[in-house]
Trainee: 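Below is the structure I would like to discuss, written out as C-alpha cells.
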Amino acid sequence: MSVNDVATDEARKKPNFSFDRFAPEYRDQFVATTESMQEQCPIAWTDTHDGHWVAAGNREVFELARCPHISNDHDTAGVRRGYKGISIPKAPRASGVRGGILEMDEPEHREVRSALNPYLSPAAVARWIPFIDEIVRAAIDEKIESGRIDFVDELANIVPAVLTLGMLGIPLVNWTIYNEPAHASVYTPPDSPEYPRVAEMHRTMGIDLLQNLFEIRENPRPGLIDAINNATMNGEPLPDMEMLGMLGLLIGGGFDTTTALTAHALEWLSENPDQRETLSRDRDELLDSATEEFLRYYTPAPGDGRTIAEDCEVVGTEFKEGDRVWLSWAMANRDPAVFDDPNEVILDRRRNRHYSFGLGVHRCIGSNVARTVFKRMLLAVLDRMPDYRCDPETTVHYDTIGVIQGMRHLPATFTPGPRLGLGLDETLVKLQKICDEEQLAAPVTAHRDAGTQ
C-alpha cells in the first residue's frame, strides 16, 4: 500500500471515537457514552484492539446486521479469507475452535442450525417447564427458611446450568463441574491471579464434555450433544473441533446470559418495590412486556463483531473488505429515535423491537429457552419471596460488560417461608429419572411422532 493509499484509508476512518468495550469506564459511563455516540457518530472508527468500526445507532446496527456484504466467519485455519469471527479482539478460546453457528456463514450456518431447531423451538422448550419449575422450587427451598439468599449463586446460576445439561444429555449431577468455569471464564481477565484456577476448572469441564460426547457417540442418548454428533456441514459429519465450538456456544449461551438478565431484573425490582408489586399483581398482562423490557434495558450480551466481506457503503459510511465492525446491541437498544425514554424501565412498553437476541439469520437460537427460564425464576421469587430486598453493599457486578453484562453476587433478605419439597440434590435424582424415562431431551419431532403412533 502506497503512502497515498495509507493517507486515503486514514481519511476514510472518520469520525474517530475512543471506544473500548472492556474498559470499566464503559460500564460505569454507558449512558453517557451511548448518548454521545448516537448524537455525534452513530458509526465511528476506534483505534482500540487493532482498529475497528463501532455501530451505536439503532438504524446503523440494523442495516449492518442485515447487510449482505458482512461476515460472521471465523477462519481458524487461515484457508479461506482469514476472518476473525464475532469477537473483537479475537476471543482467547482454544486455537482452532470457532464459536459454533455464530461464527459460520451460509450455507454452513443454516445446515448446522437446522439440526438444533427441533430441540429449541417454542414447543420443545414448553416440554421443559415442569422440569424448570422443579429446579427453581428446589433451589429456593434450600434457602427459604433462612430468610437469606444470593440470587446469583443460589438461584440464577443453578437453574440455567441444570437445564442446559439436561438439554445437552449430560447427567444433571455434573452441573457443578460446569457452573463456576462457565461464569468465571467470562468475568476473569487473563492477568488476574485467579486465571490459572479458572483455566484449570475450564479444562476439567472440557474433559467431562468430551467424555459425554464420546459416550453418546458409542451409546446414543437424546439431547443436543446427540444432535450435534449427527449434524452435517457441507454434507459431511461435523469435525470434532466444530462440535466442541458448537457445544461451547450452547453452554456459554445457556448459562451466563440468563443468569445476568435475571439478576439485573431482580435488582431493579428490589430498588422499585412499587413496580414489583404491580408486576406481581398484574402478571398476566405485564409479564411478557416486562420480560422484553428487561431484555432491552440490560442487554445481557452487549454486542457482536463482524467482518466486512466486500467493499460497500452502509448508512453513508464507506467500508472496505476486511474491516472489522462491532455491532452494539446494547447501545442500539437505548436509541431515542426508536424508544421513548430509552434510559427508563417501562414494564408495559409496547412495540419493543429490541436487538438483545441479535438480528437476521444469526439471531440467538436459544431465545425461547432464555425467556422461559427467566419468567419461571421471576414468578417463583415474586410468589415465595414477595418482600425481598437486595443488599447493594454486597452486590458484585462484573467489572466490565465487554462480553456479558452480568453479576457475581446479589445477596438479598426476605421474610422466611416454608419448604415445599425435596432438596436440590434429591430433586436432581428425581429429575434425572424423568429425563431418562420420558426422553425429555429428545427433539420435539420425536415426541410428535410418538404421539401419533
Side-chain angles (χ1 to χ4, degrees), residues 19-34 48-49 54 86-89 91-93 99 149-161 164 178-199 201-202 205 248-249 251-271 294-305 326 328-331 333-334 343 345 356-357 364 370 373-374 377 390-412:
F19 176 87
D20 185 353
R21 66 188 176 100
F22 288 102
E25 294 80 11
Y26 177 53
R27 181 181 75 84
D28 297 339
Q29 301 171 20
F30 173 75
V31 172
T33 301
T34 300
T48 59
H49 306 303
V54 180
I86 64 167
S87 294
I88 301 175
R93 64 172 68 97
I149 190 171
D150 184 326
F151 279 130
V152 174
D153 275 347
E154 294 161 338
L155 178 64
N157 275 356
I158 296 172
V159 180
T164 301
Y178 291 76
N179 182 52
E180 188 174 356
H183 297 288
S185 61
V186 174
Y187 63 70
T188 307
D191 58 354
S192 168
E194 282 290 294
Y195 193 80
R197 184 181 71 87
V198 173
M201 288 191 301
H202 213 272
M205 181 185 82
L249 173 65
I251 290 169
F255 280 48
D256 213 38
T257 52
T258 307
T259 297
L261 175 66
T262 306
H264 276 104
L266 291 174
E267 181 184 45
W268 186 89
L269 290 168
S270 175
E271 295 168 349
F294 287 128
L295 280 163
R296 178 195 72 84
Y297 190 81
Y298 289 111
T299 315
D304 280 317
W326 180 254
S328 178
W329 315 124
M331 291 197 283
N333 283 344
R334 299 292 189 95
N343 296 313
V345 173
S356 296
F357 292 121
C364 176
V373 175
F374 169 77
M377 284 194 283
C390 297
D391 178 15
E393 296 299 319
T394 53
T395 296
V396 181
H397 291 255
Y398 285 4
D399 291 336
T400 81
I401 58 172
V403 179
I404 299 293
Q405 184 173 202
M407 280 194 218
R408 295 180 64 176
H409 297 291
L410 183 62

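Model, not experiment: these values are computed from the prediction. For reference, positions follow the sequence shown, starting with 1.
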Trainee: How about Q405 and Y398: do any of their side-chain heavy atoms sit closer than 4.5 Å?
Mentor: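 When only atoms from C-beta onward are counted, Y398 and Q405 do not touch, as no gap falls below 4.5 Å.
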Trainee: Check whether the side chains of T48 and D20 place a donor and an acceptor atom closer than 3.5 Å, and report yes or no.
Mentor: no
Trainee: Heavy-atom distance under 4.5 Å between the side chains of D399 and Y187, does that happen here?
Mentor: no
Trainee: Does some side-chain heavy atom of R334 sit less than 4.5 Å from a side-chain heavy atom of R296?
Mentor: yes
Trainee: Counting C-beta onward and ignoring hydrogens, is there a side-chain heavy-atom pair between P411 and I149 closer than 4.5 Å?
Mentor: no
Trainee: If I take atom CZ from residue F374 and atom CG from residue L261, how far apart are they, to the nearest 0.5 angstrom?
Mentor: 4.5 Å
Trainee: Nearest 0.5 Å please: distance from the CG atom of D153 over to the CD atom of E180.
Mentor: 8.5 Å
Trainee: Between NE2 of H202 and OG1 of T188, what distance do you get to the nearest 0.5 Å?
Mentor: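 The OG1 atom of T188 is 10.5 Å from NE2 of H202, to the nearest 0.5 Å.
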Trainee: Flag this pair as yes if the NZ/CZ of R27 is under 6.0 angstrom from the six-membered ring centre of F22 and inside a 45 degree cone about the axis; otherwise no.
Mentor: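 Judged by the rule, R27 and F22 form no cation-pi pair.
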Trainee: Out of curiosity, D256 CG to N157 CG, how far, rounded to the nearest 0.5 Å?
Mentor: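 Separation between the atoms: 7.5 Å.
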Trainee: Could you tell me which non-hydrogen atom of I401 sits nearest to which non-hydrogen atom of P302, and how far apart they are?
Mentor: O-CG, 3.2 Å
Trainee: State whether the side chain of S356 and the backbone N or O of L295 hold a donor-acceptor pair below 3.5 Å, judged by distance alone.
Mentor: yes
Trainee: Go through the steps to decide whether F151 and T262 satisfy the test side-chain contact (heavy atoms from CB on, under 4.5 Å), and finish with yes or no.
Mentor: CA-CA 9 Å; F151 279 130; T262 306; over 6 Å; no
Trainee: Within the side chain of H264, is there an N or O that forms a donor-acceptor pair under 3.5 Å with the backbone of A260?
Mentor: yes
Trainee: Any heavy-atom pair between the side chains of F357 and W329 that's under 4.5 Å?
Mentor: no
Trainee: Is D150 reaching over with its side chain to a backbone N or O of L410, donor-acceptor style, under 3.5 angstrom?
Mentor: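 Yes.
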Trainee: Please state whether the rings of F294 and Y298 are parallel, tilted or perpendicular, taking 30° and 60° as the class boundaries.
Mentor: parallel
Trainee: To check you understand the geometry: which heavy-atom pair defines the closest contact between F255 and A182, and what is its length?
Mentor: CD2-CB, 3.4 Å
Trainee: What I'd like to find out is whether the side chain of I404 reaches to under 4.5 Å of the side chain of T257, using heavy atoms alone.
Mentor: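 I404 vs T257: side chains touch.
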Trainee: Looking at OG of S87 and CH2 of W326, how far apart are the two atoms once the value is rounded to the nearest 0.5 Å?
Mentor: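 Reported value, rounded in 0.5 Å steps: 7.0 Å.
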Trainee: I need the minimum non-hydrogen distance between S270 and C390, along with the two atoms involved.
Mentor: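 Heavy-atom minimum between the residues: OG-N, 2.9 Å.
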Trainee: What are the two closest non-hydrogen atoms of M377 and A156, and how far apart are they?
Mentor: SD-CA, 3.8 Å
Trainee: Rounded to the nearest 0.5 Å, how far apart are OG1 of T299 and OH of Y297?
Mentor: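 Reported to 0.5 Å precision, the distance equals 10.5 Å.
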Trainee: Quick check: do T394 and H409 have side-chain heavy atoms less than 4.5 Å from each other?
Mentor: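 No, every pair of side-chain atoms sits at 4.5 Å or beyond.
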Trainee: Please name the pair of heavy atoms, one in R21 and one in P89, separated by the smallest distance, quoted to 0.1 Å.
Mentor: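 The pair with the smallest heavy-atom distance is NH2-N, 4.3 Å.
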Trainee: Which atom names give the shortest non-hydrogen contact between T259 and H183, and what distance separates them?
Mentor: OG1-CE1, 3.5 Å
